[in-house]
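Let me begin by presenting the structure, written as structure tokens, before commenting on it.
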Amino acid sequence: MPDDSETPQKHLYLVDGSAFIFRAYYSLPPLTNPEGTPVGAILGYSNMLWKLADDLHAADGPTHMAVILDKAGTSFRNDIYDQYKANRPEAPEDLKPQFPIIRDATRAFSLPMVEEENVEADDMIASYTKEAVARGWKVTIVSSDKDLMQLIEPKEDSLVDMLDTMKDKRIGAAEVEEKFGVGPQLVGDMLSLMGDSSDNIPGVPGIGPKTAEKLLTEYGSLEGVLAAAPEMKKSKMQERLVEFADMARLSRVLVTLKDDCPLPIALDDMELQTIPEGPLVPFLEKHGFKALLKRVGQVTDTDAANKAIAGQPRATTIGNAAAPAVTVSGAPMAARPPKMPPIDPAAYECVTTLDALGRWIAEARAEGLVAFDTETDSLEAVTANLAGFSLAVRPGQACYVPLSHGGSDMFAEKADQVPFDEAMAMLKDLLEDDSILKIGQNLKYDMSVLVQHGITIAPIDDTMVMSFNLDAGEHGHGMDELAKLHLGHECISYKSVTGTGKSQIRFAEVPLSEATKYAAEDADVTLRLWHHLKLRMAPERAVRIYELTDRPVIQVLSKMECRGIKVDRAVLARLSGEFAEQMQSLESEIHQIAGEPFTIGSPKQLGEILFEKMGYKGKRKGKSGQYSTDVTILEDMAGQGIEIARKVLDWRQLAKLKSTYTDALQEQINPNTGRVHTSYGLVGAQTGRLSSTDPNLQNIPIRTEIGRQIRDAFVAEPGNVILAADYSQIELRLAAHIADVAQLRDAFAAGEDIHNRTAQELFGEVNRDTRGRAKTINFAILYGISRWGLAKRLEVEPDEAQAMIDAYFKSFPGISAYIQETLASVREKGYSETLFGRKTWFPRINSKNQAERQGSERAAINAPIQGTSADIIKRAMARMDDALAKAGLAHVKMLLQVHDELVFELPESDVAAASEVIRNVMMGAAEPAVTISVPLGVDIGTGKSWGEAH
DNA sequence: TCCCTCACG
DNA sequence: GACGTACGTGAGGGAA
């Protein structure tokens with residue numbers, strides 16, 4: 001054991017976080033944050049952490065501190081005694097949502113957090129206490145739990161004491177003696193005799209504190225008491241001691257703290273530093289803790305002054321310089337990021353020689369990692385021109401390497417740049433070195449830019465995707481937002497260096513000094529964010545979804561974007577012409593019926609024409625007070641034979657198709673490739689789905705015949721075909737599996753039509769009408785049902801809709817149970833999970849605003865199903881290229897993903913072989929992580945165009 | 001920039 | 001007692 005006795009006395013504070021929250025909840029008034037989530041107990045907790053940490057410089061104050069939390073679920077004690085803590089009442093409804101916020105609060109205070117499976121917080125406290133005492137440290141346990149009193153040494157100068165912050169009372173051996181009448185070393189024996197109702201420790205019936213005290217004083221220990229029991233004077237108590245001796249021994253085992261747990265964070269890594277404002281301020285702001293916010297400014301100012309005098313590091317630094325603590329035998333850990341100097345853009349280097357670039361690359365090799373970012377003149381990776389790139393090797397140490405800077409009046413600067421080709425060759429060596437981790441924010445973009453220069457990037461970590469895997473639903477994942485949130489830093493904005501609007505300049509025209517500040521800061525911030533986020537991945541169980549699903553898909557998506565899909569401009573142009581003609585004639589007809597010309601595309605003007613001038617009955621809606629003129633209203637009118645309504649609908653359809661598709665898509669054809677290159681968003685959809693932008697290729701028409709023609713413009717190169725493979729009913733299949741609905745599972749297994757089966761179960765007969773209703777209800781279930789919503793869709797009374805919902809739940813009780821369990825879990829934990837462990841957070845699930853709350857509830861019901869489906873197709877995509885290559889089909893190219901569909905381009909002769917590989921990969925995508933109890937179905941079609949392939 | 005509308009799964 | 005009602009997206013056009 002290291003001996004620290006020579007150094008100043010170290011003092012470890014161990015905060016029993018979970019226990020504190022309970023007490024704070026009951027002793028503080030209810031309070032909600034601006035989102036409507038109750039946070040009274042969290043405020044109490046935050047105040048306590050502040051107060052404790054503020055004692056850093058006080059005599060005998062903490063030098064080291066950590067928060068110990070109870071992990072949800074059972075502990076090893078339940079294996080010994082299944083009734084352990086069985087009588088605990090459930091936490092109050094407005095306390096549950098506060099549990100997950102404890103972690104946010106602890107992180108906001110930059111305190112290390114320990115939270116272990118299968119043991120309780122008390123055991124971790126005991127283990128850390130033992131280790132610290134062995135080193136001669138003092139330990140203060142911030143708790144008032146009587147179980148923990150065992151840890152106080154039974155002597156006057158005990159190294160261990162307890163602190164009850166709510167009563168502001170120190171508890172030492174004397175206080176324990178006062179409370180129990182015995183010393184701390186006998187507290188365990190005491191509890192074993194008298195039992196403990198709060199933990200459901202049985203003890204010996206009829207023996208309370210007074211009797212236990214008397215017995216222990218007389219016989220010295222529990223074993224002494226039990227050994228002497230048979231010989232004691234006959235009495236009710238004596239009989240019970242004999243009869244329940246085993247119970248007492250079992251109790252003794254239960255109350256004994258396990259003090260040899262592996263320590264996931266080293267004691268030295270718990271060193272307490274001044275609390276950095278960075279992560280703290282956004283947390284306090286989010287929850288509206290104004291009083292604390294005020295104090296933050298004051299205290300850190302004074303502290304900074306004190307430290308400056310002492311010549312110490314600035315107050316904004318935290319943690320210790322050592323690399324983050326490592327995990328012990330797979331145990332979860334949560335430590336703090338390494339010490340980081342303040343962000344200072346003036347300190348960044350502008351690299352203008354190959355020698356200097358070589359030094360930076362050598363630094364990266366020495367670290368084994370580098371944060372990397374490219375600067376270009378466009379958000380569209382495929383057409384973007386490279387202006388330069390930046391590297392960061394350690395927090396605060398970053399550079400910018402301009403490659404093609406220089407505008408009309410800046411020729412002088414061109415001489416100050418590294419030669420392009422040599423620099424790119426050096427960069428290629430670095431980025432393709434598989435012993436160096438490349439860290440980036442949205443690396444898919446950089447990959448797509450650099451692939452034009454023959455560079456691939458691997459291996460990688462992407463801070464944007466890591467943030468998404470940790471915090472989907474909580475906030476956005478853009479770098480500026482993350483920097484503000486985690487680092488408390490306001491990034492230099494792109495606009496401030498390039499300007500906006502007419503006066504905007506290309507990045508390559510930005511003067512080097514400004515460009516360096518902006519670009520190197522991006523790399524520096526990315527590296528700092530990575531340190532924050534990486535630490536959270538394992539303890540927050542984000543590793544599986546990140547490593548096995550989302551990260552592998554980054555590279556795949558980059559390839560798909562670069563490939564693009566061929567679009568036949570002639571087809572689109574022809575359609576545009578046809579649509580324009582039809583719109584023209586509809587427009588004059590509409591104007592004639594209306595009796596005056598007006599802008600049909602203006603909902604405001606259309607509403608006035610229909611519902612004021614022409615006198616049809618309409619509904620005003622919303623705060624804008626406008627008449628609603630959407631499809632449902634117009635369809636309704638058309639059904640009543642109102643001619644103008646039908647014509648407006650037809651006009652609208654054409655206008656939509658023309659402007660959004662046939663016109664806009666032509667503009668998106670890349671002149672060099674003749675193809676359209678969409679951009680996929682990995683963090684756009686909260687559920688884990690991808691999104692597609694510029695252009696969106698996930699909403700190309702298919703539902704109407706007229707719109708469908710647009711798909712004929714998406715074609716294969718000569719000699720090739722388009723192959724479309726889609727999962728059949730994947731969300732319903734997943735619902736059947738997740739909610740464990742036997743009838744639906746059987747129906748899928750037997751290849752039955754699922755809506756027919758539902759109709760049979762619900763209505764007792766299958767016909768067009770009942771099948772249609774069943775289909776609507778099936779989807780309603782996936783989306784979180786409400787009687788009102790269903791009533792509207794089915795055009796029945798809410799009562800009738802409710803009857804159908806009741807019938808559905810009665811037929812498929814698993815569904816109802818799934819909904820209840822999912823909601824209970826989300827309300828308590830704050831997030832939902834897919835089968836693969838992808839989390840989606842719902843910060844408004846406990847909102848006081850009913851509409852907001854119910855909206856969150858519906859989304860929460862849907863997220864595990866939609867999200868699991870997204871996970872499965874992503875896993876298929878991650879494996880697809882390898883599987884095809886193994887089958888000698890490397891020239892089969894995956895082009896598009898549309899949620900449950902993958903689109904490929906391949907030589908006609910390979911269709912049969914490729915179909916088999918694609919089907920196998922897609923059907924087996926959940927394995928081996930998860931086995932779905934329903935077979936997944938994949939339908940495949942091929943043709944010269946996407947339209948034909950369906 | 002917001003709102004409305006509508007294309008997709 | 002009123003609210004506003006199916007989940008997840010992105011894009012274009014009009015109005016302010």
Side-chain angles (χ1 to χ4, degrees), chain A residues 472-473 598-607 619 621-635 648-649 651-665 667-668 678-681 683-704 706-708 710-711 726-732 735 776-794 798 801 805 832 840 842 848-867 869-870 873 896-901:
Chain A
F598 67 99
T599 310
I600 304 171
S602 161
K604 187 165 177 274
Q605 292 185 33
L606 178 64
K619 276 188 304 217
K621 64 164 213 179
K623 44 196 161 188
S624 60
Q626 261 195 45
Y627 291 102
S628 171
T629 65
D630 67 17
V631 259
T632 57
I633 303 279
L634 293 179
E635 283 288 0
V648 169
L649 279 169
W651 183 91
R652 275 220 186 126
Q653 184 186 19
L654 292 165
K656 172 81 176 180
L657 295 176
K658 183 170 184 295
S659 67
T660 310
Y661 301 104
T662 57
D663 287 353
L665 222 40
E667 303 297 310
Q668 299 276 357
T678 184
S679 173
Y680 287 103
V683 303
Q686 318 273 303
T687 53
R689 272 193 178 180
L690 300 177
S691 65
S692 161
T693 55
D694 310 303
N696 182 352
L697 294 187
Q698 290 182 324
N699 70 348
I700 302 300
I702 192 168
R703 290 175 185 169
T704 64
I706 182 164
R708 222 185 149 97
I710 293 167
R711 293 205 171 207
D726 59 276
Y727 283 111
S728 148
Q729 310 274 28
I730 187 168
E731 294 196 1
L732 275 172
T776 301
I777 297 172
N778 274 332
F779 280 103
I781 294 298
L782 299 182
Y783 298 151
I785 201 163
S786 87
R787 56 199 301 227
W788 308 103
L790 186 63
K792 210 167 128 189
R793 299 276 156 153
L794 290 177
I805 295 170
S832 70
T840 303
F842 294 91
K848 277 179 299 192
N849 178 325
Q850 186 181 222
E852 218 171 50
R853 188 176 65 246
Q854 291 179 339
S856 292
E857 288 172 355
R858 291 191 297 268
I861 290 166
N862 180 246
I865 298 168
Q866 189 181 114
S869 157
I873 195 165
L896 301 177
Q897 189 250 41
V898 192
H899 310 308
D900 63 358
E901 172 185 9

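Keep in mind that the numbers below use all heavy atoms, side chains included, and drop hydrogens, waters and symmetry copies. Quick note on labels: first sequence line is chain A, next is B, and so on, each numbered from 1.
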Donor-acceptor under 3.5 Å (A:R689 side chain, A:Q866 main chain):
no
Roughly, in whole Å, what's the span from CG in A:L654 to P in B:dT5?
18 Å
Does C:dC7 have a Watson-Crick or wobble mate here (both distances under 3.5 Å), and if so which one?
B:dG9
Spatial distance of atom CZ (A:R652) from atom CG (A:D630) [nearest 0.5 Å]:
7.5 Å
Quick check for you: to the nearest 0.5 Å, what is the distance between A:Y661 atom OH and A:L697 atom CG?
9.5 Å
Rounded to whole Å, the CG-C1' distance (A:L732 to B:dG9) equals 13 Å
Between C:dA2 and B:dA7, how far apart are the P atoms? Round to whole Å, please.
36 Å
Check: A:Q686 main-chain N/O paired with A:T840 side-chain donor or acceptor under 3.5 Å
yes
Select base, sugar-phosphate, or nothing to describe what A:R787 touches, counting heavy atoms under 4.0 Å on all strands.
nothing
So A:T776, base contact, sugar-phosphate only, or nothing? Heavy-atom distance under 4.0 Å.
base
Take atom OH of A:Y680 and atom C1' of B:dG9, then tell me their distance rounded to the nearest Å.
13 Å
Heavy atoms under 4.0 Å, any strand shown: does A:I781 hit a base, just sugar-phosphate, or nothing?
nothing
Roughly how far, to the nearest 0.5 Å, is CG of A:L690 from NE2 of A:H899?
8.0 Å
From CD1 of A:I805 over to C1' of C:dT5, roughly how many Å is that when rounded to an integer?
12 Å
Do A:R703 side-chain and B:dG9 base share a donor-acceptor contact under 3.5 Å?
yes
From C-beta outward on A:R711, which listed nucleotide comes closest to its side chain: C:dA6, B:dC8, C:dG8?
B:dC8
Considering only the P atoms, how many Å lie between B:dC3 and C:dG4, rounded to the nearest integer?
14 Å
Between B:dC8 and A:Q698, counting only base atoms on the nucleotide and side-chain atoms on the residue, is there a donor-acceptor pair under 3.5 Å?
no
Of the options C:dA2, B:dC8, B:dT5, whose atoms approach the side-chain atoms of A:Q850 most closely?
C:dA2
Under a 4.0 Å heavy-atom criterion, the protein footprint on nucleotides 9-16 of chain C, written with B, S and -, is SBBSSSSS
Within-4.5 Å side-chain heavy-atom neighbours: A:R853 and A:E857:
yes
Would you mind reading off the distance between A:R858 atom CZ and C:dG4 atom P, rounded to a whole angstrom?
12 Å
Give the rounded distance in Å between these two atoms: CH2 of A:W788 and P of C:dC7.
16 Å
In chain order, what residues pass the ring-ring contact (aromatic ring centres under 6.0 Å, His included) check against A:F598, with sequence neighbours excluded?
A:H591
Could you state the CG-C1' distance from A:N849 to C:dT5, rounded to the nearest angstrom?
13 Å
Output the rounded distance in Å from CD (A:Q854) to C1' (C:dC7).
15 Å
If you compare every side-chain N and O of A:R689 against the phosphate oxygens of B:dG9 (OP1, OP2), does one of them come in below 4.0 Å?
no
On a whole-Å scale, what distance lies between the P atoms belonging to B:dC8 and C:dC3?
33 Å
Would you check if the side chain of A:S692 reaches a backbone N or O of A:Y680 as a donor-acceptor pair within less than 3.5 Å?
no
Nearest to the side chain of A:P701, heavy atoms from C-beta on, is which of B:dC8, B:dC6, B:dG9?
B:dC8
Base, sugar-phosphate, or nothing: which does A:L782 touch, judged by heavy atoms less than 4.0 Å apart?
nothing
